[in-house]
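Working notes for the structure below.
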Amino acid sequence: MSEIRVVLPAHLKNLAKVNGEVLLNVPGLLCQRTLLDALEERFPMLRGTIRDRATGRRRAFIRFYACEQDLSNELPDAPLPQDVAAAITAGKDPFMVVGAMAGG
Amino acid sequence: MTQVRVLAGTRKGAFVLTSDGKREKWSISGPHFGGWEVYHLKGSPVDLNRIWASVSTGWFGQVIQRSDDGGLTWDPVGNDFSYASDPGQHIWYDGTPRPFEFKRIWHLEPSGSDADLVYAGAEDAALYRSADGGTSWTELTGLRTHPSATTWPPGAGGLCLHTLILQGPRIIAAISSAGAFRSDDSGETWKPINRGLVSGEIPDNDSEVGHCVHHIEAHPTRPDTLFMQKHWDVCRSDDAGENWTEVSGNLPSDFGFPIAVHPHEPETIYVVPITSDSLHYPPDGRLRVYRSRSGGGEWEPLTAGLPQENCYVNVFRDAMAVDTLDEAGIYFGTTGGQVYVGTDSGDTWSPIARDLPAVLSIEVQVLP
């Protein structure tokens with residue numbers, strides 16, 4: 001099981017009290033849900049800040065990027081695209097949690 | 001040496017302002033949680049160094065932070081504000097039913113007897129309780145499931161539970177724009193307490209619910225006497241909310257948001273008149289606190305030290321507080337980022353911060 005690099009937005013890095021990237025072990029199928037479950041397991045204070053507590057869905061102003069692709073609207077249980085999964089499990093690219101542009 | 005600590009929640013973080021008992025020189029720390037909206041922060045009366053903060057953004061939702069060292073350092077605690085029963089529905093702006101949906105915590109009210117016990121008022125209107133220092137939260141469902149809740153519409157600021165007064169087993173709560181409610185059994189069951197309120201903006205002006213209450217305060221020694229700033233009208237009750245009487249008297253406008261009670265004079269109260277519901281700034285561009293020493297009815301303007309021209313700030317409902325020193329200090333924060341103190345019961349005012357982000361809440365602690 002390889003470690004996946006996860007980049008958090010600045011506010012969530014502050015909340016989780018981490019600097020730089022987070023390295024995560026994601027057991028089993030690699031999809032949004034398993035990756036975010038692993039992230040929240042390690043940093044419980046992030047629960048509710050990326051996915052809505054009540055619905056479990058991505059919060060409106062959160063985006064997920066990797067390998068120059070917008071994965072935000074992928075189904076949570078769908079395996080990440082093969083090229084993305086290969087790149088992030090190899091540590092070549094990070095999985096990025098991004099605060100969306102909003103505010104005008 | 002006595003120390004005064006002012007806790008300011010703002011649109012872009014929290015600030016802690018400290019001074020000695022003279023309250024002349026202030027130091028400011030912050031922003032804590034820079035960039036986050038801090039709707040409210042309040043210290044435990046039992047453990048003065050324990051402070052809770054309601055921290056949220058549209059991006060990342062709701063977080064509760066707790067400090068156990070007087071605001072020097074903070075740690076996130078629990079933020080699971082799940083409903084304990086079916087969410088049910090209230091009325092949306094367009095008149096259609098809409099499920100209750102958690103948005104944020106507006107107000108935190110620590111217990112006066114247990115440092116681990118704290119209550120939280122939410123938007124959409126719901127009441128939560130934590131008995132473990134904020135680690136976990138349990139909804140007291142009796143309020144959200146009150147039979148009238150299906151008729152509650154949100155105010156312009158949302159369907160928010162913004163006022164909580166703890167009086168032993170009795171709890172007073174106020175919701176915009178549902179009205180005031182009281183529980184006599186520690187939050188299990190609730191009754192509307194709006195008799196005597198008159199609101200021209202609702203079809204049935206003296207309806208049992210539907211009034212846009214902005215804030216309620218009570219003096220600790222007179223728990224049955226409640227003072228209310230409503231959307232329009234300043235009101236008082238002397239029977240724990242069973243009946244209300246308007247005491248707006250000679251105010252230049254009886255629209256406003258906060259109301260405060262003098263710490264040593266239970267019949268001395270303060271409001272900040274605002275022009276109207278569509279003009280959220282002081283009448284005539286003059287920032288005036290009005291004080292009544294008779295529990296309402298007769299009011300005097302307090303202007304010394306406050307801008308008396310070209311001032312167009314607002315003062316939000318939780319942005320006024322008092323200290324408990326012998327010479328009482330009255331504090332308020334503005335949407336322009338100023339925090340003022342009147343250390344002589346409000347006769348004269350001085351700014352203790354001028355350029356903070358818009359102030360959402362002010363609380364004051366006196367440390368021995």
Side-chain angles (χ1 to χ4, degrees), chain A residues 5-22 24 32-33 35-66 70-74 76 94-104, chain B residues 11-14 30-38 52-67 73-89 98-105 120 122-124 126 128 132-139 144 357:
Chain A
R5 298 161 51 202
V6 176
V7 174
L8 295 172
H11 286 303
L12 295 189
K13 281 196 279 194
N14 289 340
L15 186 61
K17 300 185 177 180
V18 297
N19 294 309
E21 297 177 351
V22 171
L24 281 184
Q32 272 185 27
R33 189 186 307 280
L35 194 152
L36 295 173
D37 284 350
L39 179 66
E40 292 175 355
E41 180 70 23
R42 182 154 161 210
F43 300 103
M45 69 286 283
L46 296 181
R47 289 185 179 135
T49 64
I50 298 170
R51 297 182 288 186
D52 182 86
R53 278 274 193 183
T55 66
R57 297 173 61 182
R58 171 179 59 82
R59 293 184 55 80
F61 294 154
I62 294 286
R63 313 297 293 181
F64 303 131
Y65 300 157
D70 185 351
L71 308 172
S72 308
N73 295 315
E74 297 288 320
F95 183 89
M96 301 173 70
V97 178
V98 178
M101 283 187 287
Chain B
R11 286 272 183 228
K12 294 293 178 186
H32 306 276
F33 334 116
W36 295 69
E37 292 186 303
V38 181
W52 279 276
S54 172
V55 180
S56 64
T57 72
W59 281 271
F60 309 116
Q62 178 71 53
V63 172
I64 302 293
Q65 298 266 6
R66 193 185 81 200
S67 174
T73 62
W74 298 83
D75 288 301
V77 289
N79 67 344
D80 186 358
F81 292 98
S82 300
Y83 294 127
S85 64
D86 181 273
Q89 293 181 321
R98 189 179 183 92
F100 278 78
E101 179 183 6
F102 177 84
K103 296 182 178 65
R104 63 177 60 81
I105 295 298
E123 176 192 356
D124 289 336
Y128 295 86
D132 56 10
T135 302
S136 63
W137 297 88
T138 302
E139 189 199 6
R144 181 179 51 81

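- If you measure heavy-atom distances from B:E101 to chain A, you find no contacts under 4.5 Å at all.
- Residues of residues 45-52 of chain A lying under 4.5 angstrom from chain B, judged on non-hydrogen atoms, are A:M45, A:R47, A:G48, A:T49 by number.
- Atom CH2 of B:W59 is separated from atom CD1 of A:I62 by 10.0 Å, given to the nearest 0.5 angstrom.
- Under the side-chain hydrogen bond (donor to acceptor under 3.5 Å, both in side chains) criterion, A:R59 pairs with no residue at all, not counting sequence neighbours.
- Not a single salt bridge (Lys or Arg N to Asp or Glu O under 4.0 Å) links B:K12 to another residue, sequence neighbours left out.
- Between B:W74 atom CH2 and A:N14 atom CG the span is 15.0 Å, to the nearest 0.5 Å.
- Interface remark: A:P9 contributes side-chain atoms only to the contact with chain B (heavy atom separation under 4.5 Å).
- Per-residue heavy-atom pair counts under 4.5 Å with chain B were compared for A:P44, A:A100, A:A54, and the maximum is reached by A:A100.
- In this structure, B:Q89 has no side-chain hydrogen bond (donor to acceptor under 3.5 Å, both in side chains) partners at least two apart in sequence or on a different chain.
- Within 6.0 Å of CG in A:N73 there are more than 12 heavy atoms belonging to other residues, nucleotides or ligands.
- For a residue to count as touching a neighbouring chain, one of its non-hydrogen atoms must lie under 4.5 Å from one of that chain's; by this rule B:S56 does not touch chain A.
- Ring centers of A:H11 and B:W36: under 6.0 Å apart, within the cut-off.
- Heavy-atom distances place the side chain of B:V63, and not its backbone, under 4.5 Å from chain A.
- Counted within 6.0 Å of CZ on A:F61, heavy atoms from surrounding residues, nucleotides or ligands total 12 or fewer; the atom is thus considered open.
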